[in-house]
Structure formats: structure tokens, C-alpha cells
Asks: 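Once you've had a glance at the structure underneath, I'll fire off some questions.
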Amino acid sequence: MNLGIERYETILITGANGLLGHKLVQLLIHREHVLVIATGLGESRLPASYAKYYQWESMDISSEEQVNSVFEKHRPTTVIHAAAITQADVCEENKEKAYIVNVLGTKNLIQAAERFGCYFLYLSTDFVFDGENGPYIEEDQPNPVNYYGRTKWEGEQLLKQSNLSWAIVRTVLVYGVAEGLSRSNIILWVRESLMAGKTIQVVTDQMRTPTLVEDLADACLLMVMKKSVGIFHVSGAEVLTPFQMAEMTADYFGLDKRLLQPVNASTFTQSAKRPPKTGFIIQKVQNELNFEPKSFTSGIGILAKQLKLADS
Ligand SMILES: NC(=O)c1ccc[n+]([C@@H]2O[C@H](COP(=O)([O-])OP(=O)(O)OC[C@H]3O[C@@H](n4cnc5c(N)ncnc54)[C@H](OP(=O)(O)O)[C@@H]3O)[C@@H](O)[C@H]2O)c1
């Protein structure tokens, strides 16, 4: 594929040990004219086979000093900012920490990027919306109902106020598989639970447009190539309830659907309130970037192949 990146780019990725970070590194390392600076907390957990194709920097985004020192050393031209505390309940229970990482960490990166005139792509979330009227378009008004959503929305506003060339990529319920992840996702959770013969309760009264991580990484790359500016909703196109996703996962892997127990969200006592009906209308990225996401069933198939490879 001709990626159209003609001049030499130094792309700095934050959160490279995370699900999206893994896939971004994988996508970018073999491209011509691209130098990848992968950053994360502590040591790299990326596959050893990638090691010679990127440079790793241990960088806690909440440390201004660490951020400045990595920027001075590598002078990036583009920043893809995927790092965050991404679990809504963790943010709700540790507000100070969530603020320091998700808001002040983003501020540190923006300030450093301003000094080097970087193009800045920031990952945000459907949780900036209250979930009363989804699926949403880019112009809809955010109104987060939990602390995670608030911190991501504050990050968006910092970026908009900056003098950078920026894109905000909001996404929804990302699924996929990679080595050494610090969190699971819906397909892995359903598959592992049903394989263990465990009954699980799955919500029927929430709506999302689940996103295959490879699709999200492709969209980020397209934006970096085009230096797209503005807010973009990037997700799958199908509006599904978590229960429907669980049924489709069980069907795909031939697992026992009777272990899936349909429940209302009110059954759970989670610290962070969840927006009921989110999901995105993705017409803007379809029109402007020719982005076409996989169907949820194809996405499960892609993930299944990767699981098989990992097991073999
Ligand atoms: N996953 C979803 O469903 C979803 C939905 C909507 C939006 N998003 C957004 O998409 C982006 C990528 O998500 P993801 O699925 O790849 O999440 P992820 O797997 O949780 O990755 C986030 C990464 O950020 C790292 N991180 C946490 N605190 C940090 C700090 N202080 N300094 C540096 N790195 C730090 C984590 O490190 P450790 O691995 O070491 O903990 C993790 O590797 C996030 O910005 C998220 O808000 C995700």
C-alpha cells in the first residue's frame, strides 16, 4: 500500500503498550520514511520481533520532565496520543490520578508538541456524550456522565485551545488482541468465560458501535498521512447491544449461548455511570477518508485468527 508519507516523519506514540498502541506500532514500523518512537510506562511489552524497527522510551506522560526530555531527544514531527487511564471505574475511584494522567498528561504533551510544531492526533471516546440520544455525529454536544469522560473531554478542549495542527479521533468500545495487555475487552471476556463454562450477565439496554482495533489504527494512519484537522468519529458501523455482541461472539466460536444472561445495566453497581446509548454515525470519515470498517462478525474472525496464531 502506498501510504503517501513522502517526507521523513518521526512519529511519537504514547500508550504503545496498550491495545491501540500495539497496532499502531505494528502498522508504522515497516513504512518507508517513518521513524517510530514508541513510549509507555516502564519497559516495552511489544512483541520482541518488532524491537529492531522502533525506538522505545519509557515515558510517564504525567511527568513534564520526562515528556520534555523525550521530545528534546527525538524531535517528533507527529504525535499520536493514545495513552490514558482508560477504565471508567478506575477513573471514578481515583479521580486525582485520572486527572493527572488524562488531563495534565495531555497538557504536558501538547506543550511539548507546540515547541516542535508537531501534528497532534488525540484519541478520545464516546463517553464524552451522555448517551441519551446516540448514535452521535461530530457536532453533537458532549455532556460526560462519568469522570473518565470528563477527563477525556477536558483533554479535547486543551487541544482545541492549542496552536497545534490537531485531530481528535473519538472511538467506541475497541476490541482486538495483542500481547501483554493490561485490560481485556468484550470478545475476549465472553470467549474466555464461556470456554470456562461460566455464566455471565450481559447488558441489553446499552447501545454501542464496537470498533475493531485494526480499523481504528488504519484510520489514525490515514489521518496522519492527510494531516486531517478537526473532530472525527471512528468506529464500527453496526449499532449493537453488549448482549448482541456476546451472542455473536458465542456463535462465532461455537460456544454455549445459554451461559449468557440478559440483564439491565441497573443490575450492576459500577462506580462509574455508563452512558446508555452511544455509538457513532461515521459518515464523515467514510466520505473524507474512504474509511470502511469491518462488520462485527468479520472483526471477530480477524481476532480469532490472531488468537490461533498466538496459541500455535
Ligand atoms: N478501549 C476502548 O474501548 C476505548 C474506547 C474509546 C476511546 N478509547 C481511547 O483510545 C485510546 C487507546 O485505548 P486502548 O484501548 O489502547 O487503551 P489501553 O489498552 O488501556 O492503553 C492505554 C495505555 O496507556 C498507558 N498509560 C496509562 N497511564 C500512563 C501514563 N501515566 N503514562 C504513559 N502511559 C500511560 C497504559 O499503560 P499500561 O499498559 O502500562 O497500564 C496503556 O498501555 C485511549 O486514549 C482511550 O481513552 C478507548
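Values in this document were obtained by computation on a predicted structure and should not be read as measured data. For ligands, and for the atoms within them, numbers begin at 1 and follow the listed sequence.
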Asks: List the protein residues in contact with ligand 1, where contact means a heavy-atom separation under 4.0 angstrom.
Replies: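 Ligand 1 is contacted, at a heavy-atom distance under 4.0 Å, by Gly15, Asn17, Gly18, Leu19, Leu20, Leu41, Arg45, Met59, Asp60, Ile61, Ala82, Ala83, Ala84, Thr86, Val101, Leu123, Ser124, Thr125, Tyr148, Lys152, Thr171, Leu173, Val174, Ser182, Arg183.
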
Asks: Tell me every residue that passes salt bridge (Lys or Arg N to Asp or Glu O under 4.0 Å) with Glu247, counting only those two or more places apart in sequence or in another chain.
Replies: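 For Glu247, no residue satisfies salt bridge (Lys or Arg N to Asp or Glu O under 4.0 Å) once neighbours in sequence are set aside.
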
Asks: Would you say the ring centers of Phe116 and His74 fall short of 6.0 Å from each other?
Replies: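 Ring centres of His74 and Phe116 not closer than 6.0 Å.
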
Asks: Relative to each other, are the rings of Tyr53 and His30 parallel, tilted or perpendicular (30° and 60° limits)?
Replies: perpendicular

Asks: For residues Tyr122 and His81, establish whether the separation of their ring centroids is below 6.0 Å.
Replies: yes

Asks: With side chains defined as the heavy atoms from C-beta onward, is the minimum distance between Leu212 and Pro293 less than 4.5 Å?
Replies: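 SC-SC contact between Leu212 and Pro293 ruled out.
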
Asks: Tell me if the aromatic rings of Tyr147 and Tyr99 count as close, with their centers under 6.0 Å from one another.
Replies: no

